[in-house]
Amino acid sequence: MEKKQPDKKVIFKSVKEMPPMPVSLYDVSYNKTGTWRNVRPVINYGKCTYCMICWKFCPEAAITLEPVVIKGKEKPKPVINYDYCKGCGICWTECPVDAIETQEEGK
Ligand code: SF4
Ligand code: SF4
């Protein structure tokens, strides 16, 4: 019986030749997933406890931590980069104190 040959492997000479999703594994600047978003998360810093859970869970690494001093102590303030936030909802689902509010995009 004739053996089926696997499909010919595509070899890219540079990451710039690759389609958008695989490219994002190498350089996220090619894949600004913020264009996918229809709901925007907005952090209510009045409720935020600086626990960093949203930062840890974000699948796009769209949340960065900026040091801020509150009552004499340095805390990691989460800041959302809307170029990469795709509005997946993980951060506002995981936030233990419901400090991430949502807004419909374009409203
Ligand atoms: S998970 Fe909620 S409380 Fe924790 S850092 Fe993020 S926004 Fe703040
Ligand atoms: S909505 Fe999703 S992609 Fe956007 S900041 Fe939250 S976890 Fe990250």
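Positions are given from 1, in the same order as the sequence printed here. Atoms within a ligand are numbered from 1 in the order they appear, just like the ligands themselves.
Cys58 places none of its side-chain heavy atoms less than 4.5 Å from the side chain of Cys91. Residues Val42 and Tyr82 form a side-chain contact, since some pair of their non-hydrogen atoms from C-beta on lies under 4.5 Å apart. Here the side chains of Gln103 and Val39 are not in contact, with every heavy-atom distance at 4.5 Å or above. Between Cys51 and Pro96 the shortest side-chain heavy-atom distance falls below 4.5 Å. When side chains are defined from C-beta on, Pro59 counts as touching Lys86, because their heavy atoms get closer than 4.5 Å. By the 4.5 Å heavy-atom criterion applied to side chains, Glu94 and Cys54 are not counted as neighbours. When side chains are defined from C-beta on, Thr64 does not count as touching Asn81, because their heavy atoms never get closer than 4.5 Å.
Residues Asn44 and Glu101 have side chains that bring a donor and an acceptor to within less than 3.5 angstrom of each other.
Atoms of ligand 2 found under 4.0 Å from any heavy atom of Gly89, numbered from 1 in the order shown, are 1 (S), 2 (Fe). Less than 4.0 angstrom separates some heavy atom of Gly87 from each of these atoms of ligand 2: 1 (S), 4 (Fe). Each of the atoms 3 (S) of ligand 1 lies under 4.0 Å from some heavy atom of Val97. Near Cys91, with a cut-off below 4.0 Å to any heavy atom, the atoms of ligand 2 are 1 (S), 5 (S), 6 (Fe), 7 (S). Residue contact check: Thr49 has heavy atoms under 4.0 Å from atoms 3 (S), 8 (Fe) of ligand 1. The ligand atoms of ligand 1 that sit less than 4.0 angstrom from a heavy atom of Ile100 are 7 (S).
Contact annotation for Ile63 and ligand 2: only side-chain heavy atoms (C-beta onward) come within less than 4.0 Å of the ligand. Contacts of Glu94 with ligand 1, taken as heavy-atom pairs under 4.0 Å, are absent altogether. With a heavy-atom cut-off of 4.0 Å, Pro78 touches ligand 1 through its side chain alone.
One of the N, O or S atoms belonging to Cys88 lies under 2.8 Å away from atom 2 (Fe) of ligand 2. Within the 2.8 Å limit, Cys58 places no N, O or S atom next to atom 6 (Fe) of ligand 2.
Protein heavy atom closest to atom 4 (Fe) of ligand 1, with residue, atom name and distance, is Cys51 SG, 2.3 Å. Among protein heavy atoms, atom 6 (Fe) of ligand 1 sits closest to Cys54 SG, 2.4 Å. Of all protein heavy atoms, the one closest to atom 8 (Fe) of ligand 1 is Cys48 SG, 2.3 Å. If you check which protein heavy atom lies closest to atom 2 (Fe) of ligand 1, you get Cys95 SG, 2.3 Å. In terms of protein heavy atoms, atom 3 (S) of ligand 2 is closest to Lys86 N, 3.4 Å.
Taking a 4.0 Å cut-off on heavy atoms, Pro59 registers as neighbouring ligand 2.
Taking the ring axis of Tyr45 as reference, the NZ or CZ atom of Lys77 stays within 45° of it and closer than 6.0 Å to the ring centre.
For the atom pair Tyr50 OH and Lys75 NZ, the distance stands at 8.5 Å (nearest 0.5 Å).
Side-chain atoms of Arg40 do not come within 3.5 Å of backbone N or O of Glu104 as any donor-acceptor pair.
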